[in-house]
Each structure stands twice: as C-alpha cells, then as structure tokens.
2 protein chains.
Amino acid sequence: MFSQSEENYLKAIFHLQQEMDGGVSTSSISAHLNSKAASVTEAVKRLAEKNLVDYQKYYGVQLTETGKEHALAVVRKHRLWESFLVDRLNFNWDEVHEVAEQLEHIKSHKLVEELDIFLGRPAYDPHGDPIPDAKGNIPEIPKKKLSQLQKGDRGTCKGFNDASSPFLKYLAKLQIGLGTSVEVINIEKFDESMTVRIEDNEVQLSKTATDNIYVEQ
Amino acid sequence: MFSQSEENYLKAIFHLQQEMDGGVSTSSISAHLNSKAASVTEAVKRLAEKNLVDYQKYYGVQLTETGKEHALAVVRKHRLWESFLVDRLNFNWDEVHEVAEQLEHIKSHKLVEELDIFLGRPAYDPHGDPIPDAKGNIPEIPKKKLSQLQKGDRGTCKGFNDASSPFLKYLAKLQIGLGTSVEVINIEKFDESMTVRIEDNEVQLSKTATDNIYVEQ
DNA sequence: CTCAATATTTAGGCAAAGCTAATAATTTTT
DNA sequence: AAAAATTATTAGCTTTGCCTAAATATTGAG
Ligand SMILES: [Mn+2]
Ligand SMILES: [Mn+2]
Ligand SMILES: [Mn+2]
Ligand SMILES: [Mn+2]
C-alpha cells in the first residue's frame, strides 16, 4: 500500500504535529529524518497527491484523517514490536528502537493483531509510550517535562522523548527508569541545569536531559 | 548491507541451484521471482559486481561462497519466522509464507539469535524444511518426490516444494500433512497421475501434485 | 517599510529496480 | 550446415527517493 519511506514521513509528521501547532515545517521533518529539506518537499508533494497530508507551499503540512490513521497504525506496530523484543526476546530497552524501525513496516493485519494478543494487549511500550489500539485510539496523557518542574517539586518518570541508545544508557547509569521518583533539589539559573534526588543520590541533569524526561507530579 | 531485492535474488539462486546443476539460467530466476528476464540480467550484473555471484554471459550464475552464506542467512530467517508465526501466533501453515517473505529481510543479528532461542532452536519449519543454523549448516536430507515411488511403495511425507496457500489448502483438504503415511495404489500410464491411500481413503493426485510432495520410504 | 537573513522550493543529477522492444547469442530442427 | 526457434542481453524509458546548488518566498530587524 504505502512504501517504507512514505510511512516514515507519516510517522514523523504525526510526532511533530503533537508538539507544534499549525503546519509541520519542511525543516523540522528533515531534521527528524536526517534528510535534506529538498527531499522533504518532494516527498510531501507525493503524500499530498495521495491525500495523506494537506500541503500548502511554504506553510508546512498536516495529516489528513487517512494520513493520521495510517501513521497511528505504524506507531502501533513500532511499539508492539518494541514490547515483543523486550518482553519476549531479552532485548534491553535501549536496543530495540532501530529494529522496531524496520519491523514497523511489515504489512500484515493478522500479524499485528496476533502479536497484540500474544503480548497480552499491552497499553505501554518499554519506554512508557502508549500503544494505540487497533482502531487508533491512544490515551492522551498530558505530558509534563521534568524541565517544567520547580525547585522542591517531586514527580515520577512516565516516559522519555529520545529513544536513542546513548540517552537510554545514560539514564540507566543514573538509575532513572519508568516509575523512578525524582525530587528537584535545585535549578541553576544560567543554564537551567537541575540537581535532582533519585533514591539517596543527587545527580546533575542538563536542560537537554530534563527536556527529554516526562514526569507525572 | 544488501537490499531486499538483492537478498531475493540470492535466495532464488540458492533454491534454483539445488535443483539444477551448472549455472542458474536467467529465465529460471525470472520465472521464480515473477519478473522479466531483462531485469534479472541487470540484477545479476550488480550481484557479480559485488562478488556475490559468478556470472558468465549467456551461461547463467552461481553463488560465490559469500553469496551462499548470505542466501543461507536469509533462508534461516525465513524459516525461523515461519516457525514463530505458526508456533506462537496461531497462523496456519498456509498463511505464513507471504509474511515471512517480508520478515526475512529484517537486519539484526541479535534478533535472529534471540528468536532462535525463544523458539527452542527448531530444526524444521512448519513445512518440514530444515532451518540452517547460525553458521549456515543445513542437514542435507536426500529428498525423494512422491512421483518417484512405484506402485505398491509406502512412504511418509517429509516436506512440500510449493509453499503457496492454494497448494497447502489442497493438501489439508486431502488430509495430507507432515508425517502422513501414503501408499501408492496405482499409477496411470498416460498422465502419470497416482492413486494413493491415506489412512483409509484413496485419493487421486496429479503428476503436478506428486512432484511437489517429498517422501521418505 | 525595506532589506537582509532564513526557510523553502525548483532545477538538474544520480542510482536502484523495474519494464518493453530491439538485437544478439545459443540451441534445436530440418 | 543452415535456418528457425529459443533464450539472453542491450538500449531506452519510468518511478521512487535522495542529493547539491540555484532561485524564490517569507520573516524579522532596523
Ligand atoms: Mn522506538
Ligand atoms: Mn518506544
Ligand atoms: Mn516460505
Ligand atoms: Mn517454509
């Protein structure tokens, strides 16, 4: 039906439009996918041709209903496969993303459904991200970044925005994972870096790091 | 490393060279992959460039050592995934081939090894085909076609040459599966069709069918 | 409000993979 | 041993998807 490349664009646009409002810009897509802006322009033209996105020259793209449905189906597959790899095949949570990037493009309705059943219809993937159901419903949890907390606030880690292996390994080293309790001890004015308490240790986190950690207060 | 298309060619050549001796012809590859001879010629030139096959114009191709290793790795993945689909995800044996055609191209050494362990290192896939081990070793079982048996001979089904859904459904209807005992009751001279006994029933099988059923006497 | 900086699109290339039609080599038939 | 039939290769075109460099539109600073 759709090519891997097309699916990657749909997924990227889906994720980006959660963050921004209005159209998703050519440059944000190209940054997200490590490609060049010119390639993105060409790609979104093809997607618009197929009615998967609305595209206004110079003003970015937005997914159509069909485009969003398909993007959600890809996200569902990605997260189900990540769950499979961690829960059944002894992968670490920092090893699954690249493989899931490939597996998410396998086309078989039955495969997705049976995998879902086999895994016991999980609601969240190993990184704490919600898994859309077969109809594309996804629990809209209001996400708060750790960087948004104030001095003295406490919270529990609910997810991470960067699925890269280096970041996840870094978190593991600091003993930060899903469900970890954190307390903001101090925030440096000049670089917004944070001192947080995790169990009995105090650790320093850069703004870059705290921007990528989601918490629930 | 290698593209899906390249892997499909390697696998096709591997299977074809088991049957013929000497070089594998352009036309046999194109028939196997449902493509045109001209496309095959171009593809084998690219494969030869990468030292995956030896190619002599007009005289077909043969896999190099590297080419064979890679082909076996793809066959290993195909058969492991088929086993996974049938053993763990409730697929029927006639539904798995198309999906495995996609899954066999997923690139992750760890994934293959963990899947193998998860499945209990199976030796055969759901169709009775042997699964190569991580080093590419594959038990060379001497295959005999049902069509090669004589009147009065008995045998046990060990595998099938055609993995297509229609053929496998046909076999299921006749109650023929792996391990089924058959006895040759009669062979028609003019079309080589066979009457065989399966349990207490006698069924008629065309030469086309008996050519695709492997037995052990 | 104008001009420079930034973002985006267009133009022009390239490689992979496929196709059809034309050509050339091999094999089979007379 | 030719001629005919079959098989394989080459030539020329197409689409997808990506790139760089050039052109153009938008935006933001003064
Ligand atoms: Mn991921
Ligand atoms: Mn994830
Ligand atoms: Mn198969
Ligand atoms: Mn099989």
Side-chain angles (χ1 to χ4, degrees), chain A residues 1-13 16-17 19-63 67 70-71 74 101-102 104-107, chain B residues 1-13 16-17 19-63 67 70-71 74 101-102 104-107:
Chain A
M1 189 71 176
F2 302 114
S3 71
Q4 297 205 183
S5 170
E6 287 171 324
E7 290 187 339
N8 285 335
Y9 279 107
L10 292 177
K11 193 163 60 107
I13 296 163
L16 290 166
Q17 89 186 355
E19 323 232 306
M20 325 184 192
D21 30 37
V24 174
S25 71
T26 300
S27 53
S28 67
I29 299 171
S30 95
H32 197 87
L33 294 178
N34 284 307
S35 61
K36 302 294 161 167
S39 311
V40 174
T41 302
E42 289 174 318
V44 299
K45 278 194 210 163
R46 289 191 297 264
L47 294 176
E49 199 58 50
K50 296 186 179 183
N51 285 303
L52 294 167
V53 298
D54 291 322
Y55 169 51
Q56 296 232 95
K57 262 193 193 179
Y58 293 100
Y59 296 92
V61 289
Q62 280 183 282
L63 293 175
H70 201 78
V74 177
E101 284 294 309
Q102 300 177 61
E104 70 189 6
H105 302 293
I106 302 292
K107 281 156 188 62
Chain B
M1 190 70 176
F2 301 114
S3 71
Q4 296 204 184
S5 168
E6 286 171 326
E7 289 187 340
N8 285 335
Y9 280 107
L10 292 176
K11 193 163 61 107
I13 296 164
L16 289 166
Q17 93 187 349
E19 322 232 306
M20 323 183 192
D21 29 37
V24 174
S25 70
T26 299
S27 54
S28 66
I29 299 172
S30 95
H32 197 87
L33 294 177
N34 283 307
S35 61
K36 301 293 160 168
S39 311
V40 174
T41 302
E42 290 173 319
V44 299
K45 278 192 208 165
R46 289 191 298 265
L47 293 175
E49 200 58 49
K50 298 186 178 181
N51 284 304
L52 293 167
V53 299
D54 291 322
Y55 169 51
Q56 295 232 93
K57 262 191 193 180
Y58 294 99
Y59 296 92
V61 289
Q62 280 182 281
L63 293 175
H70 202 78
V74 177
E101 283 294 309
Q102 300 177 62
E104 71 188 5
H105 302 293
I106 302 292
K107 282 158 186 60

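Since we're looking at a predicted model, the values are computed, not measured. Just so it is clear: chains get the letters A, B, ... in the order the sequence lines come, proteins before strands, and each one is counted from 1.
A close approach under 4.0 Å does occur between a side-chain nitrogen or oxygen of T26(B) and OP1 or OP2 of dT9(D). A sub-4.0 Å separation between OP1 or OP2 of dT9(C) and a side-chain N or O of T41(A) is present. For S39(A) and dC19(D), the shortest distance from a side-chain N or O to OP1 or OP2 is below 4.0 Å. Under 4.0 angstrom from either OP1 or OP2 of dG18(C) there lies at least one side-chain N or O belonging to S5(B). Side-chain nitrogen and oxygen atoms of Y55(A) include at least one within less than 4.0 Å of the OP1 or OP2 phosphate oxygen of dT9(C).
Residue Q4(A) contributes atom CD, which lies 13 Å from atom P of dA17(C) at whole-angstrom precision. Separating the OH atom of Y58(B) from the P atom of dT27(C) is a distance of 11 Å, rounded to the nearest angstrom. R46(A) places its CZ atom 12 Å from the P atom of dT15(D), with the value rounded to the nearest Å. The separation between Q56(A) atom CD and dT8(C) atom C1' is 14 Å, rounded to whole Å. Separating the CG atom of N8(A) from the C1' atom of dC18(D) is a distance of 14 Å, rounded to the nearest angstrom. dA16(C) atom C1' lies 15 Å from atom CZ of F2(B), rounded to whole Å. Per the geometry, CG belonging to L52(B) stands 13 Å off P belonging to dA16(C), to the nearest Å. We find that CG of N34(B) is positioned 14 Å from C1' of dC19(C), with the value rounded to whole Å.
When the nucleotides dT26(C), dT10(C), dT9(C) are ranked by their closest atom to the side chain of K45(A), dT10(C) comes out on top. Closest to the E42(A) side chain, of the nucleotides dT20(D), dC19(C), dG12(C), is dG12(C). With dA8(D), dT10(D), dT20(D) as the candidates, the nucleotide lying closest to the side chain of S27(B) is dA8(D). Here dA17(C) is the nucleotide among dA17(C), dG17(D), dC19(C) with the atom lying nearest to any side-chain atom of S3(B). The nucleotide whose nearest atom lies closest to any side-chain atom of Y9(A) is, among dT20(C), dA25(C), dC18(D), dC18(D). Of the candidate nucleotides dT9(C), dT10(D), dT26(D), dT26(D) has the atom nearest to the side chain of Y59(A). For K36(A), whose side chain is taken as the heavy atoms from C-beta onward, the closest listed nucleotide among dT20(D), dT10(C), dT24(D) is dT20(D). Here the side chain of K57(B) is nearest to one of dA8(D), dT8(C), dT10(D), namely dT10(D).
How far OG of S28(B) is from CD1 of I13(B): 8.5 Å, rounded to the nearest 0.5 Å. Of the inter-residue distances, the one linking K36(A) atom NZ with S27(A) atom OG reads 13.0 Å to the nearest 0.5 angstrom. To the nearest 0.5 angstrom, L63(B) atom CG is 13.0 Å from K11(B) atom NZ.
Within 4.0 Å (heavy atoms only), A38(B) reaches at least one base atom of the nucleic acid.
Within the 3.5 Å criterion, the main-chain N or O of S3(A) finds a donor-acceptor partner in the side chain of E6(A). With hydrogens and angles ignored, the 3.5 Å screen pairs a side-chain donor or acceptor of Q102(A) with a backbone N or O of K107(B).
Side-chain contact between T41(B) and K57(B) is absent, with no heavy-atom pair separated by less than 4.5 Å.
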